[in-house]
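One structure is given here, and the rest of the page talks about it.
Just the heavy atoms: all of them, side chains too, but no hydrogens, waters or symmetry mates, feed the values below. Residue numbers begin at 1 in each chain, while the letters A, B, ... track the order of the sequences.
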Protein chains: 2
Amino acid sequence: MSQDLPVTSYALLGLLTFGDELTGYELKQRADRTLGFYWVAPAMSQVYSELSRLHRLGLVDASDDRTEGRSTRRYQISAEGRKRLRAWLADQPLEFPVLKHPVALRLLLGHLADPEQTRALLDEHREALTRRIADLQAVRESLRGRDEAGQPFRYPAMVADWGLEYFASEHTIIEKLLTRLEEEG
Amino acid sequence: MSQDLPVTSYALLGLLTFGDELTGYELKQRADRTLGFYWVAPAMSQVYSELSRLHRLGLVDASDDRTEGRSTRRYQISAEGRKRLRAWLADQPLEFPVLKHPVALRLLLGHLADPEQTRALLDEHREALTRRIADLQAVRESLRGRDEAGQPFRYPAMVADWGLEYFASEHTIIEKLLTRLEEEG
DNA sequence: ACAGCCATGTAACTCGTTACATGATTAC
DNA sequence: GTAATCATGTAACGAGTTACATGGCTGT
């Protein structure tokens, strides 16, 4: 029964539980706007191969639209898929988050660089962070009006708020580190 | 010249820049106490295979201790290794952090679980977080006395402080989310 | 004596990436 | 007419994991 799938498969399957039928291309876009912030933004090719595996396993249903020229294939989650996803949520032991943070890694090796380089590193990260915050804010705004208890985007909105607070805190930390570097020389 | 290595190779190489000679086993322990918090804690087997690659490339020097019975091999970074690492730090474009956060992923799918299950999820994460904070605090304490500007563990200490602030902020966010779930029902 | 840690590796596997290949539709 | 976007895949590859295999040393 439980031939186990990677988390990313369940993540993509989960993105199909919001009531619509998506093409692989559209699913990739949704993943970029949601999963990308706290899981991964899978490559286009992986989205397609995951979808075909999920289809092979009967966890999604596919419908071909071949109305003129370009042929598209839309996927929706199946009853079996919903069942498997719920079972996964209930049974799967909770893992601790994994962070891959190139900036922290490079700061660790600060003794190999000159101070100016280290400052530039943090500064560049601060800017990237600002851009990322703007992106997430746009996502958060797009959920307004359907984000209350009982509404469809309640939980996505909670996750987005979480992300915004996380980014805000990271921004503060980076500024503190920069100050510390300047003061201590 | 630049046959490029994965970041993890440079990370492990970087752990050898703190002035000592380590066995694979010891390097794995150091990785668990440092890299594990903001990069990855590579499997034992990977530590050995990375070391043998670094050795093959001349980036680390190895010395065999075969004094009676158990044979051990200690590695230290070579001059060439230090050069390559510095070059990597200087040239490598800065990537944005990647977070793999199972709790956020599952909260996103809150509409598939009952409220009690979601609360339990956050609660369990809060506890795991508390344990992880204690671990990092122990690491941080072990650096005291050599963590000022100009001292060997200045940067590791900065990274540890960063991590502690990050965890503290995550802890606060989780508590806010739990309150919000209770209030809104 | 036995458990737990120290110590080193090999083999099989899979996840996920990049590069490649193809072509339709839309906007300017 | 041409660039960007929509749309779907295949192939080769590498990073990193788990499982397996071996054995010495240390504390109780």
**Message:** Under 4.0 Å from OP1 or OP2 of D:dA15: is there any side-chain N or O of B:T8 that close?
**Reply:** no
**Prompt:** Between B:K100 and C:dG16, does any side-chain N or O lie under 4.0 Å from OP1 or OP2?
**Reply:** yes
**Complete:** The side-chain contact (heavy atoms from CB on, under 4.5 Å) partner of B:L108 among A:W39, A:Y155, A:Y38 is A:Y38
**Prompt:** Can you name the residues that form a side-chain contact (heavy atoms from CB on, under 4.5 Å) with B:R146, not counting sequence neighbours?
**Reply:** B:P152, B:F153
**Item:** Any donor-acceptor N/O pair, A:S78 side chain to A:G58 backbone, under 3.5 Å
**Value:** yes
**Request:** Look at the side-chain N and O atoms of A:Q29 and state whether any lies under 4.0 Å from the OP1 or OP2 oxygen of D:dC6.
**Result:** yes
**Prompt:** Residues in side-chain contact (heavy atoms from CB on, under 4.5 Å) with A:T179, at least two apart?
**Reply:** A:E183
**Item:** Pairwise salt bridge (charged side-chain N to carboxylate O under 4.0 Å, His left out) hits with a residue in residues 5-24 of chain A, at least two apart
**Value:** A:D20-A:R30
**Message:** If I take atom CZ in residue B:R74 and atom P in nucleotide C:dA7, what distance separates them, rounded to the nearest angstrom?
**Reply:** 7 Å
**Request:** Identify, with sequence neighbours excluded, every residue that meets salt bridge (Lys or Arg N to Asp or Glu O under 4.0 Å) alongside B:D147.
**Result:** B:R140, B:R144
**Short side-chain to backbone donor-acceptor contact, B:E124 and B:L121, under 3.5 Å** = no
**Message:** Tell me which pairs pass ring pair (Phe, Tyr, Trp, His ring centres under 6.0 Å) where either residue lies in residues 105-128 of chain A, with sequence neighbours left out.
**Reply:** A:H101-A:H125, A:H111-B:F18, A:H125-B:F96
**Asked** By ring-ring contact (aromatic ring centres under 6.0 Å, His included), which residues pair with A:Y25, not counting sequence neighbours?
**Response** none
**Prompt:** D:dT8 P sits how many Å from A:H55 NE2, rounded?
**Reply:** 13 Å
**Request:** Specify the separation, in whole Å, of atom NZ of A:K28 and atom C1' of D:dG9.
**Result:** 15 Å
**Message:** For A:Y166, give me all partners under ring-ring contact (aromatic ring centres under 6.0 Å, His included), at least two apart in sequence or on another chain.
**Reply:** B:Y166
**Request:** To the nearest Å, give me how far apart CG (A:L27) and C1' (D:dA7) are.
**Result:** 13 Å
**Message:** What is the distance, to the nearest angstrom, from the CG atom on B:D32 to the P atom on C:dC6?
**Reply:** 12 Å
**Request:** Rounded to the nearest angstrom, tell me the gap between atom CG in B:L35 and atom P in D:dG16.
**Result:** 11 Å
**Message:** Strictly by salt bridge (charged side-chain N to carboxylate O under 4.0 Å, His left out), give each pair with a member in residues 90-107 of chain B just once, sequence neighbours left out.
**Reply:** none
**Request:** State, with a plain yes or no, whether a side-chain heavy atom of A:V47 is found less than 4.5 Å away from one of A:L51.
**Result:** yes
**Message:** So if I apply the side-chain contact (heavy atoms from CB on, under 4.5 Å) rule between B:L177 and each of B:L107, B:T118, B:T172, B:V103, which one comes out positive?
**Reply:** B:L107
**Request:** Find the bend of the helix from C:dA1-D:dT28 to C:dC28-D:dG1 as the angle between its two terminal axes (five pairs each), to the nearest 10°.
**Result:** 40°
**Message:** In whole Å, I'd like the distance from the CG atom of A:D65 to the C1' atom of D:dT8.
**Reply:** 14 Å
**Item:** Proximity to DNA chain D (any heavy atom under 4.0 Å), residues of residues 85-97 of chain B only
**Value:** none
**Prompt:** Heavy-atom contacts under 4.0 Å between residues 18-26 of chain B and DNA chain C, which residues?
**Reply:** B:T23, B:G24, B:Y25
**Message:** Short of 4.0 Å, heavy atom to strand atom, which residues of residues 44-53 of chain A count as contacting DNA chain D?
**Reply:** A:M44, A:S45, A:Y48
**Message:** Looking at B:E175 and B:R126, is any side-chain nitrogen of the basic one under 4.0 Å from a carboxylate oxygen of the acidic one?
**Reply:** yes
**Spacing of B:L5 atom CG relative to D:dG16 atom C1', expressed in whole Å** = 15 Å
